[in-house]
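Everything on this sheet refers to the single structure shown next.
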Protein chains: 2
Amino acid sequence: MARPPRFDSDQLLDAAVHLAAGGGPAAVTMSAVAQAVGAPSGSVYHRFSGRPALMAEVWLRTVERFQEEYAQSLDQEPDPHRAARAAARHVVAWSRAHPRQAALLLHGPEEFGQADWPPEHRERADGGNRRTLARLAALGTALGATGPEDRERIALAVVEVPLSVVRRHLRAGEALPPYAEDLAEDSATALLDRFG
Amino acid sequence: MARPPRFDSDQLLDAAVHLAAGGGPAAVTMSAVAQAVGAPSGSVYHRFSGRPALMAEVWLRTVERFQEEYAQSLDQEPDPHRAARAAARHVVAWSRAHPRQAALLLHGPEEFGQADWPPEHRERADGGNRRTLARLAALGTALGATGPEDRERIALAVVEVPLSVVRRHLRAGEALPPYAEDLAEDSATALLDRFG
DNA sequence: AGCATATTAGAGAGTTCTCTCCAATATGGA
DNA sequence: TCCATATTGGAGAGAACTCTCTAATATGCT
């Protein structure tokens, strides 16, 4: 009933991930994405209403993929201490398996022009963040956290510290060393020792 | 012997810090800096050879100010454990005292166009990083660190974790909570417990 | 075969920014 | 007073990018 597409959204987003990993989010221009897949710029605008929408989709597709697996690693383990350690490990392991997407996540949504995103995409981001925060809150409760300081310490242990381990190496352009997962897990354990 | 300057470099750099804190490094355009201080764009180019040079100076002035105080906080304390705790605290305290400059540092040199910097500025950055790494290495030796994993753990404790504490709040647009220094110090302590 | 339609294809207008260039200007020193 | 000079002041060329618009094209359905 219609001409078959030569370029689909995922193909364009993949190109955008490559560009962002190589030259940062600023390198993701509509022309660069089009050129990367050999499409005219019109085809990119056919899939995405504009650059803000494209940037939002790149970010959201990546962060949602990450959060989905992250949530699984938290949920699979009933004991909260073991769950926290698994989650810390998982951040590093996922980054090792998906270095370009990890590089992308390290930039943060602001750099992907979050301020200009269409409302629909903003809500998608908010929803994902709410779900993740809720999971962390549940972990905090299970660990016996009491105040905001405790909750923040837990977030440090299972999110920020593992990300820092990854950031150090990816920013330096190195591969993750073999001990990275252990380092993240050990550090998380040290930070959570005071609980339960 | 010459017409007196109405706009000096520091004034332009201050404006650039403001712009970067508000809208990220991308908001630091030559025109925006000029407009912010009421100067014509020609005056900005009279002080800086181009945008890369301006971005480099903004970054370097800020990071050097930070590193100078950071080094002092490490050196003032002979006991390495106490020095590490003081350093972790200091990162947060400095960020509290200089929120805009802290916001700037959280972006990292890449976002300030490091790849385009003139060689002179690159060397300045390398020198500063070398000095800081040397100090961390000395701290590692004093603590009895053996391998790269140990050294990385120490860097996490006295640099990355305190920065993560700051990042969480500045990214959310909040002020740092009163307990932030304690949280950074406690976390550093927990990560360093295994040493000596 | 022929129609309806989703998509490709690409030209080009409009915008924003960087950087250059030159004239105007204000000051200290001779 | 007058000169040398550092700096201001601003216009504008050139580059990169976003986005629009129109025509061409290929497919499924009848």
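If you're wondering where the values come from, they're calculated on a predicted model, not measured in any experiment. Letters A, B, ... mirror the listed sequences (proteins, then strands); counts begin at 1.
DNA chain D lies under 4.0 Å from at least one heavy atom of each of the following residues of residues 14-40 of chain B: B/P40. Near DNA chain D, defined here as any heavy-atom distance below 4.0 Å, there are no residues from residues 110-121 of chain B. Near DNA chain D, meaning a heavy atom under 4.0 Å from it, residues 46-59 of chain A has A/G50, A/R51 in order of number.
Applying the salt bridge (Lys or Arg N to Asp or Glu O under 4.0 Å) rule to pairs touching residues 114-123 of chain B yields nothing, sequence neighbours excluded. For residues 34-50 of chain A, no pair satisfies salt bridge (Lys or Arg N to Asp or Glu O under 4.0 Å), with sequence neighbours left out.
Distance CZ (A/F7) to C1' (D/dA26): 14 Å, rounded to an integer number of Å. Rounded to whole Å, atom P of C/dT27 lies 8 Å from atom CZ of B/R3.
Close placement of the B/W94 and B/F66 rings is indicated, their centers lying within 6.0 Å of each other.
With sequence neighbours left out, B/D150 forms a side chain to side chain donor-acceptor pair (under 3.5 Å) with B/T146. A search for salt bridge (Lys or Arg N to Asp or Glu O under 4.0 Å) contacts involving A/E68 returns nothing, not counting sequence neighbours. Residues satisfying the ring pair (Phe, Tyr, Trp, His ring centres under 6.0 Å) test with A/H169, not counting sequence neighbours, are none. Not a single ring pair (Phe, Tyr, Trp, His ring centres under 6.0 Å) links A/H121 to another residue, sequence neighbours left out. The side-chain contact (heavy atoms from CB on, under 4.5 Å) test applied to A/D79 returns A/E77, A/H81, A/R82, not counting sequence neighbours. In terms of the ring pair (Phe, Tyr, Trp, His ring centres under 6.0 Å) criterion, A/Y45 has no residue partners (sequence neighbours excluded).
Of the side-chain N and O atoms in A/R6, one or more sit less than 4.0 angstrom from OP1 or OP2 of C/dA9. For D/dT7, the OP1/OP2 oxygens have no side-chain nitrogen or oxygen of B/S43 closer than 4.0 Å.
Mapping B/P5 and B/G42 onto DNA chain D by nearest heavy atom places B/P5 closer to the 5' end of the strand.
Cluster partners of B/L191 are A/L156, A/V161, A/V165, A/Y179, A/L183, A/L191, B/L156, B/V161, B/V165, B/Y179, B/L183, counting Ile, Leu, Val, Met, Phe, Trp and Tyr whose side-chain heavy atoms approach within less than 4.5 Å, directly or via other members.
Side-chain proximity of B/S41 to C/dA9, C/dA26, C/dC19: nearest is C/dC19.
Taking the charged nitrogens against the carboxylate oxygens, B/D14 and B/R61 do have a contact shorter than 4.0 Å, which makes a salt bridge.
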